[in-house]
Novice: 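Before I ask anything, here is the structure I am working with.
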Amino acid sequence: MIITVKTHAQTELIDITTLIEKAVRSQKGFENGFCFIFIPHTTAAITINESADPSVKTDILSILNKVIPWNDNYRHSEGNSAAHIKSVLVGASEQVAVEQGRLVLGTWQGLFFCEFDGPRTRKVHVKCFS
Ligand code: ZN
């Protein structure tokens with residue numbers, strides 16, 4: 001299954017936990033196993049982190065932007081090397097266990113789509129297996 005995510009800023013963390021849960025529930029007959037989430041982009045990523053306090057994602061982006069500035073004598077001619085580097089650091093996939101059709105996440109955890117070169121329309125692949 002492929003989910004579409006529209007991003008609205010150059011760098012942005014979007015909580016997609018509910019979207020992933022819906023995708024998992026739409027898999028008929030699938031109740032227990034694993035959900036594999038893959039981002040098929042080189043300037044985006046996925047991560048699991050706190051979804052309760054929105055200032056956490058603001059802090060994460062703030063530090064990523066500080067450590068990896070947009071301009072820094074990069075050689076890549078497209079001009080978005082910072083986005084590629086952030087994508088490498090955060091990663092293109094996550095795995096979450098599924099029990100009785102629900103994602104097994106910690107109380108404060110959510111799944112975040114990480115946009116590093118937006119705004120764009122992005123894809124998220126979701127594969128469930130037992
Ligand atoms: Zn590029």
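Atoms within each ligand, like the ligands themselves, are counted from 1 in listed order.
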Novice: Got a list of side-chain donor-acceptor pairs under 3.5 Å for residues 14-22, not counting sequence neighbours?
Specialist:
from	atom 1	to	atom 2	distance (Å)
Asp15	OD1	Thr17	N	2.9
Asp15	OD1	Thr17	OG1	2.6
Thr17	OG1	Leu111	N	2.8

Novice: Under 4.5 Å between side-chain heavy atoms, counting indirect links through other Ile/Leu/Val/Met/Phe/Trp/Tyr residues: same cluster for Val124 and Leu105 or not?
Specialist: yes
Novice: Is a side-chain donor or acceptor of Ser87 paired with a backbone partner of Ala44 at a separation under 3.5 angstrom?
Specialist: yes
Novice: Let's go through Gln109 and Glu50 carefully: what are the C-alpha distance in whole Å and the side-chain angles of both, what is the deciding distance for side-chain contact (heavy atoms from CB on, under 4.5 Å) to 0.1 Å, and is it a yes or a no?
Specialist: CA-CA 5 Å; Gln109 287 182 320; Glu50 173 163 343; over 6 Å; no
Novice: Roughly how far, to the nearest 0.5 Å, is CZ of Phe36 from SG of Cys128?
Specialist: 11.5 Å
Novice: Measure from the side-chain N and O atoms of His41 to the backbone N and O of Lys123, and report whether any donor-acceptor pair falls under 3.5 Å.
Specialist: yes
Novice: Could you please tell me which protein N, O or S atoms lie under 2.8 Å from the Zn ion (ligand 1)?
Specialist: His76 NE2, Glu78 OE1, Asn80 OD1, His84 NE2
